Amino acid sequence: IVDGDHLARLFKLCRVLAIAEGLSLDQIQSKLRASRRTVFRGFGSLQALGIKVELRDGRYRTRQNAVTCRKIIADSQTALLQKLLISFLR
């Protein structure tokens, strides 16, 4: 389960990566106002959720559109919260 700020960053990263032609690392950092390290951590978080981040010709992108990407993140967080709630109710 991620906190609200992290979740907001992941949603924004999804939106940025959904651009068809992709963006360079510098462009992504600028749009997110984030460090290189933060961007790569975001890539790792997305990939852990099954959202593949592709690098082609120096540009990063994802094949999922922003809405699908957002749904994947939201569904994963919902599932984690359900498991947590069930474990507390036992």
Side-chain angles (χ1 to χ4, degrees):
I1 299 173
V2 297
D3 66 44
D5 290 338
H6 187 128
L7 196 58
R9 279 193 305 272
L10 286 180
F11 285 151
K12 191 170 185 180
L13 181 57
C14 272
R15 194 172 59 248
V16 166
L17 292 174
I19 296 171
E21 66 275 3
L23 294 173
S24 70
L25 182 58
D26 287 340
Q27 290 171 314
I28 295 168
Q29 285 178 258
S30 176
K31 287 188 178 290
L32 297 180
R33 294 189 204 118
S35 69
R36 174 185 174 96
R37 182 172 180 242
T38 298
V39 171
F40 280 108
R41 277 196 317 250
F43 289 172
S45 294
L46 293 178
Q47 290 178 340
L49 294 170
I51 300 167
K52 185 177 178 187
V53 177
E54 300 175 342
L55 172 61
R56 189 172 296 153
D57 298 325
R59 296 180 166 280
Y60 294 89
R61 67 178 297 267
T62 184
R63 289 186 183 197
Q64 288 89 356
N65 65 36
V67 172
T68 301
C69 189
R70 234 180 131 97
K71 182 171 177 5
I72 291 169
I73 295 169
D75 288 350
S76 73
Q77 293 303 296
T78 300
L80 288 172
L81 286 171
Q82 287 174 338
K83 286 179 186 177
L84 185 61
L85 181 60
I86 288 169
S87 71
F88 280 123
L89 295 175
R90 287 187 182 163

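Given the structure is predicted, the values throughout are model-derived calculations rather than measurements.
- Distance check: Q82 CD to S87 OG gives 12.0 Å after rounding to the nearest 0.5 Å.
- Q29 CD to T38 OG1: the interatomic distance, rounded to the nearest 0.5 Å, is 9.0 Å.
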| side-chain contact (heavy atoms from CB on, under 4.5 Å) assessment of T62 paired with L46 | CA-CA 10 Å; T62 184; L46 293 178; over 6 Å; no
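- Put simply, the side chain of Q77 never gets that close to the backbone of A74: no donor and acceptor are under 3.5 Å apart.
- Ring orientation note: the planes of F43 and Y60 are tilted relative to one another, at an angle of 30° to 60°.
- Summarising the geometry, atom CZ belonging to R15 is positioned 9.0 Å from atom CG belonging to L32; distances are rounded to the nearest 0.5 Å.
- F40 and I28 fall within the same hydrophobic cluster, defined by Ile, Leu, Val, Met, Phe, Trp and Tyr side-chain heavy atoms under 4.5 Å apart, directly or through other members.
- Of the inter-residue distances, the one linking L13 atom CG with H6 atom NE2 reads 9.0 Å to the nearest 0.5 angstrom.
- T68 and N65 are linked by a side-chain donor-acceptor pair at a separation below 3.5 angstrom, with hydrogens and angles left out of the test.
- In terms of heavy-atom proximity, A18 sits nearest to A66 at CB-N, 3.6 Å.
- More than 12 heavy atoms of other residues, nucleotides or ligands lie within 6.0 Å of NZ in K12, so this atom counts as buried by the packing criterion.
- The shortest distance between side-chain heavy atoms of V16 and L23 falls below 4.5 Å.
- Of the possible polar contacts, none joining the S30 side chain to the D26 backbone as a donor-acceptor pair under 3.5 Å is found.
- The distance from atom OG1 of T78 to atom CD1 of I73, rounded to the nearest 0.5 Å, is 11.5 Å.
- Of all heavy-atom pairs spanning L10 and G42, the tightest one is CD2-O, 3.9 Å.
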Which pairs of donor and acceptor atoms, one on a side chain in residues 47-56, lie under 3.5 Å apart (sequence neighbours left out)?
residue: Q47; atom: NE2; partner: V53; partner atom: O; Å: 3.3
residue: E54; atom: OE1; partner: R61; partner atom: NH1; Å: 3.3
residue: E54; atom: OE2; partner: R63; partner atom: NE; Å: 2.5
residue: E54; atom: OE2; partner: R63; partner atom: NH2; Å: 3.3

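- The environment of CZ in R59 is crowded: more than 12 heavy-atom neighbours from other residues, nucleotides or ligands sit within 6.0 Å.
- Atom NZ of residue K71 and atom SG of residue C14 lie 13.5 Å apart, to the nearest 0.5 angstrom.
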